[in-house]
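For reference, the structure discussed in these notes is given below.
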2 protein chains.
Amino acid sequence: MAPRKNGRLLFNEVPQGSSYPVPGKTTVYDDSEKIDLDNVPLNGGFLLKTLVLSIDPYIRGRMRDISRTNHTYSSPTSQEHREVIAHGVGVVVRSEDATVKAGDHIYGFLDFVEYSVKPNMQGLKVLKNEENLPWSVYVGVAGMPGQTAYTAWKEYADAKKGETVFVTTGGGKQTMFVVQLAKVDGLKVIACAGSDEKVKFMKEIGADVAFNYKTTPVAEVLKKEGPIDVYWDNVGGETLEAAINAASTGARLIECGMSSDYNNSVPYHVKNLFQIIPKSLKVYGFSVTALLEKYVTAFYEEVPKKLANGEIKYTEDVTQGLEGAGEAILAVLKGTNTGKKVILVAQE
Amino acid sequence: MAPRKNGRLLFNEVPQGSSYPVPGKTTVYDDSEKIDLDNVPLNGGFLLKTLVLSIDPYIRGRMRDISRTNHTYSSPTSQEHREVIAHGVGVVVRSEDATVKAGDHIYGFLDFVEYSVKPNMQGLKVLKNEENLPWSVYVGVAGMPGQTAYTAWKEYADAKKGETVFVTTGGGKQTMFVVQLAKVDGLKVIACAGSDEKVKFMKEIGADVAFNYKTTPVAEVLKKEGPIDVYWDNVGGETLEAAINAASTGARLIECGMSSDYNNSVPYHVKNLFQIIPKSLKVYGFSVTALLEKYVTAFYEEVPKKLANGEIKYTEDVTQGLEGAGEAILAVLKGTNTGKKVILVAQE
């Protein structure tokens, strides 16, 4: 077969300050390179065809100068003029690596490129998918976002039947899974999201109270529906302050994100930290990678099955083709996506 | 015996805003009442002679309007025109309660009064004191401050040999015990205090680095001597911010107090809360009362013995007589005490 074009999404330049990445400027789709699938040298590795890529907010965190390593989720490996990197699923085309064979499906950090040669399986995992789920699910509820929800909930929620949890900010990320985990544990669920469509979905999957935080003040809802025993935080700032005010004695605060601070050079002044003491609050930052070691077997045994039989529900917002990946990143950062954002790069 | 005067310290009025209590105004020593030790009716309870009272910052927290119950350490039981209340030790003079007899020593919340009739032993504990320690020790390292240090350290420090802890603010409170617990566990100890005398004591009991926070910036010391794996917080505010900046991945922050906020109507703006997430920090508020249930037996078995054989060291700053209790409270709140502040109300 003659060489074919090998499209990719390049990280072209660091966005100014805390501004949004601009498609065509920050990120550039490029199909100038070609690849010969039959003859590209593997050097003991394997050739991978990218099927699905996940768009998550952490992609923005990596778009920074290589020297800035501190206080951020992820290493700045998105070097300029290299492909953007995120979680994805691919299928092996050819292999010289004894641990994988053609046809195997692989999950892990992948480049935003149609075809890539991987030197080995380091950091990657073969997916069995006995339930024949769409591969996109393995970057969503059955991937990193789902693992984030599952592992941190099991480790830190200390959920007791009859308690109340407040989940921010629902609809498109791991939070839709948190709502369902909380309902299984018998909690009253208060959930907020940034669009009426997401609010509707939150209610469909079991949230007892769901509201649009853009039109209804969080503090007002918590005053009426609280106190809260568990807080799943993706927002930080003023919402965190409202949650602390509404927290019961001994409440657990699971810190998954503080998105309200991402685009502000000076973060919101949380003025009630003192309440951590008289309320005996527990505040947990965590790394899904570190927690996964403990829960990975249980996760892959439980979650795909429950997705297959409909016990766990999810929504996706699919972009077809790598050409639209720059816009997809922007949509996730602006919160205009309508479900877990995935790029369908190619069919099998 | 004829009736004798029964001196007491009255909580006279709520201090204005967040100001210091004023001896003679907020608190008033009163010896107008008399008591007949031989004939005062016990009604099934017992007559207690107060020996020692503890002066701790929480006394200020209770000096508030009875309606203000939220977000403070303790209930506002310091009703105006009643005796101030705090931890103390007393000896039983007469008893109609079968569970205690004359000569027994009792620990718990006591009124600031020379003699009192207690209806029963609720919330009180008989002290054995097989080591013949001074009774004052049982309101210090072997009392609530020591229990605070001991229980929270055991429960939350997750201390590992070779790690580093930063302890604020040392010298007069439970922190002198925290320094020693940390050294036993093999940690490098950085400690700060508000006077050179306290700094000297911190070094004597084993702190590897001790400094006066009034003359040396905390952030500077932590930059040089950190990162820190455990933070014992009595200060909050800017010091908490410095500790978060210096925290290692997975560090534990034990929140015992945020004294820097007590006398400010607007608390310091802690600007780096976001680091809780990438650093996987754990922040623990706690109640010593709740933790004690788990550790009380171990505590009384271990601590008095170690005090007796000198393994645990402590300092006291003693005020003789209830007449000086108002000034003693002010000294503790201003941090001018030179060790654990106790009132020796009477000899046996």
Side-chain angles (χ1 to χ4, degrees), chain A residues 57-58 61 68-75 148 152 155-156 227 233-237 240-241 244-262 264-291, chain B residues 57-58 61-62 68-75 148 152 155-156 227 233-237 240-241 244-247 249-262 264-291:
Chain A
Y58 71 75
R68 285 186 52 218
T69 54
N70 268 344
H71 317 328
T72 50
Y73 277 111
S74 46
S75 52
T148 302
E155 186 75 8
Y156 300 119
D233 192 7
N234 267 310
V235 184
L240 172 59
E241 186 175 80
I244 291 174
N245 276 332
S248 66
T249 298
R252 289 76 66 195
L253 282 60
I254 303 175
E255 294 300 326
C256 190
M258 296 196 185
S259 61
S260 69
D261 287 351
Y262 293 168
N264 295 319
S265 51
V266 178
Y268 179 84
H269 180 182
V270 177
K271 291 173 288 294
N272 57 357
L273 291 177
F274 172 70
Q275 291 185 36
I276 290 172
I277 301 170
K279 288 186 172 179
S280 295
L281 303 184
K282 308 288 178 280
V283 185
Y284 299 107
F286 67 96
S287 143
V288 58
T289 315
L291 287 179
Chain B
Y58 71 75
R62 296 168 64 100
R68 286 187 52 218
T69 53
N70 268 343
H71 317 328
T72 49
Y73 278 110
S74 46
S75 53
T148 302
E155 186 76 7
Y156 299 120
D233 192 7
N234 267 310
V235 185
L240 172 59
E241 185 175 84
I244 291 175
N245 277 332
T249 298
R252 287 78 66 196
L253 283 62
I254 303 175
E255 295 300 327
C256 189
M258 295 195 185
S259 61
S260 70
D261 286 352
Y262 293 168
N264 295 318
S265 52
V266 179
Y268 179 84
H269 181 182
V270 177
K271 292 174 288 294
N272 57 359
L273 290 177
F274 173 70
Q275 291 185 36
I276 289 172
I277 301 170
K279 289 186 171 178
S280 295
L281 303 184
K282 307 289 179 282
V283 185
Y284 299 107
F286 67 96
S287 142
V288 58
T289 315
L291 287 179

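What you see below is based on every heavy atom in this structure, not just the backbone, and it leaves out hydrogens, waters and symmetry mates.
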Mind checking what makes side-chain contact (heavy atoms from CB on, under 4.5 Å) contact with A:Thr289, not counting sequence neighbours?
-> A:Ser287

What pair of heavy atoms forms the shortest contact from B:Arg252 to B:Tyr156, and how long is it?
-> CG-O, 3.5 Å

For B:Ile276, is it the side chain, the backbone, both or neither that has a heavy atom under 4.5 Å from a heavy atom of chain A?
-> both

Side chain to side chain contact (heavy atoms under 4.5 Å, CB included) evaluation trace for B:Leu253 with B:Asp233 = CA-CA 7 Å; B:Leu253 283 62; B:Asp233 192 7; over 6 Å; no

Under 4.5 Å heavy-atom distance to chain B, tell me which part of A:Leu273 shows up: side chain, backbone, both or neither.
-> both

Using a cut-off of under 4.5 Å for heavy-atom pairs, which of A:Gly236, A:Gly237, A:Gly285 has the most such pairs with chain B?
-> A:Gly285

Mind checking side-chain hydrogen bond (donor to acceptor under 3.5 Å, both in side chains) for B:Thr249 and listing every partner two or more places apart, or none if nothing turns up?
-> none

